[in-house]
There are 2 protein chains.
Amino acid sequence: MTRITPFVMAKPMESPTSLTHGAYAKLRAQLLACRFAPGEKLKIDDLCRRFEVGSSAVREALSRLASEGFVVSEPQRGFRVAPLSVDALSDLTNVRCSIEELCLRGAIEKGGIEWQTQVVAALHRLSHTPVWADKAARRYSEEYARAHEIFHEALAAGCGSPWLLHLRATLYNHSERYRAFSGPLSKVDRDLDREHREIAEATLARNSERAVTLMNQHLQMTTKVILDSVLAGEPAPESAKARPGDAHLPESLPRKRGAPA
Amino acid sequence: MTRITPFVMAKPMESPTSLTHGAYAKLRAQLLACRFAPGEKLKIDDLCRRFEVGSSAVREALSRLASEGFVVSEPQRGFRVAPLSVDALSDLTNVRCSIEELCLRGAIEKGGIEWQTQVVAALHRLSHTPVWADKAARRYSEEYARAHEIFHEALAAGCGSPWLLHLRATLYNHSERYRAFSGPLSKVDRDLDREHREIAEATLARNSERAVTLMNQHLQMTTKVILDSVLAGEPAPESAKARPGDAHLPESLPRKRGAPA
DNA sequence: TATTTCAGGATTATGCATTTTTATTTGCAA
DNA sequence: TTGCAAATAAAAATGCATAATCCTGAAATA
């Protein structure tokens, strides 16, 4: 009965195979986009109505998101959106630099023709995607964010280490949450196109030292822009209702999960 | 009403604040100890009876464990124990070497007196804990495994980076699962005490290069011993019932979680 | 003013109904 | 009689609604 499908592009439409997974994906996307304020209480019933699913699905989605560090679970008090903090962003950026360096060096050493091709393709897509969704508000467009993610993932993919790529993706997603939180970005004219192009060129030229240096500068600069935006201007651009809680106070983000049995 | 408690040791008895968390902790402990065979089907009802909780609690525990990579979730087909593979162990070990190196260098650079003290204490505890639970079977005792974990965690803790320590703990736990899977360890006389002591000495002496070299050798040697044990002797020592599924075939372990919304 | 009690609300846990998957059996044809 | 396929039955996973437990906050009392 399986009809022959001529060609299938890489999953153009997501099929939420189960309500649980659908709720998880939607909630996760809204969390990453900072549609919920950090520290905000996530009431089960509200989420049930919002996503039109039962409490089981919502609870399961929240559990997974909690173990990923995007929400925090207090034993008998329900769930809250994981807080953001300057210290956590600083730590996150530093660790991310280290991990991206490992990926980059591995990719330069082991990457083959397929990897090179994907990097070139991703760079092309990125440089031909409009950066700003709202020129006045200076906020990135959804398409640009996606192309940016694909570009960085393509660079790292060459290392061929599933675990390293998994760690990298984790850190990238958490960084994205900070970027989404930041308001209109500072006016310093940053030639993102040039940064990405130079990183790609140094990488494809197998110049590890230069590639790593450029990548670190790229990541630290991004963090600096975000911090400037948050500390200077208004913190939240269009984050939803409810109490904003703590926005940027120094506290740790990824709390340790129970190791002892 | 809070009665004054004279002294409280570090949580001698776990208080399962909720049934869900209790089931999660128990299941996780059994997973890490390889009480379930890799690839084995995890039936909800069986787990309900085994842990004496409802299906919600079990489902939630499985969700969290799935996002941690200890079980895999197939959309409408339930959950299975995450498979193990030689390739995955190899990758895991390599990445772990890199992460432990980052932790170690950071700790040597930034660790203070408190860190040094904890390292010395952990080394003392480790060297005075009996290694073998069953001398004949050559299997580590529970106490030794715990002391070993504390020792390595103490070494890394000095780096002071929450994110780096989180990544390290993740990799350590997955490595533990492989160690628990391996049968009786090979007869090569390995002076574990000496290895740990030399690592600690080099670290406390702020000798980064030597400490990192020794740590890498330590980790790679552990992996080699495990591989020898698995490839040579009988694969599973006392793993529970049910079909063992695939034990050691080359496949990837940490499958990517859905990034696209 | 501090403590206690009580009501409201939210989270947690359970059991059942629905839907999908899988295994077995039956029927038909070679 | 054997092999394949469809249909049926069993089992399991998913989703939902209800019940019980716990926390939060305010009112009342000492």
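This one's a predicted model, so the numbers in the text were calculated from it and none came from an experiment. What's counted below: heavy atoms across the whole structure, side chains too, no hydrogens, waters or symmetry copies. The sequence lines fix the lettering, A, B, ..., with proteins before strands; numbering per chain opens at 1.
- Nucleotide D/dA12 holds its P atom 12 Å from the CG atom of B/L47, rounded to whole Å.
- The closest side-chain donor-acceptor pair between B/E60 and A/S63 falls under 3.5 angstrom.
- As rounded to whole Å, 12 Å separates atom P of C/dT11 from atom CD of B/E60.
- A salt bridge links A/R146 to A/E149: at least one charged side-chain nitrogen sits closer than 4.0 Å to a carboxylate oxygen.
- In this structure, of D/dT24, C/dG15, C/dT21, it is C/dG15 that holds the atom nearest to the side chain of B/S55.
- Nucleotide C/dG15 holds its P atom 12 Å from the CZ atom of B/R49, rounded to whole Å.
- Nearest nucleotide to the side chain of B/K43, out of D/dA12, C/dT14, C/dT12: D/dA12.
- Distance CD1 (B/I44) to P (C/dA13): 15 Å, rounded to an integer number of Å.
- The residue among A/Q76 and B/L42 whose nearest nucleotide of DNA chain D is located toward the 5' end is B/L42.
- Whole-Å rounding puts the B/R59 CZ to D/dA13 C1' distance at 6 Å.
- Between D/dC23, C/dT12, C/dT21, one nucleotide has an atom nearer to the side chain of A/R77 than all others, and that is D/dC23.
- Donor-acceptor pairing under 3.5 Å, judged by distance alone, is present between the side chain of A/S56 and the base of D/dC16.
- Nearest to the side-chain atoms of A/K41 among the listed nucleotides C/dT11, D/dC16, D/dG15 stands C/dT11.
- Under a 3.5 Å cut-off, the side chain of A/H174 and the backbone N or O of A/E68 do form a donor-acceptor pair.
- Taking atom CG of B/L62 as the reference point, atom C1' of D/dA13 lies 12 Å away to the nearest angstrom.
- Between the CG atom of A/L19 and the P atom of D/dA13 there is a distance of 17 Å, given to the nearest Å.
- Heavy-atom distances to DNA chain D give each of B/D45 and A/V53 a nearest nucleotide, and the one nearer the 5′ end belongs to B/D45.
- Aromatic rings of A/H148 and A/Y140 (six-membered ring for Trp) have centroids beyond the 6.0 Å cut-off, not under it.
- Between B/Y24 atom OH and C/dA13 atom P the separation is 15 Å, expressed in whole Å.
- With respect to B/S55, the side chain to side chain contact (heavy atoms under 4.5 Å, CB included) criterion is satisfied by exactly one of B/L47, B/I44, B/D45: B/I44.
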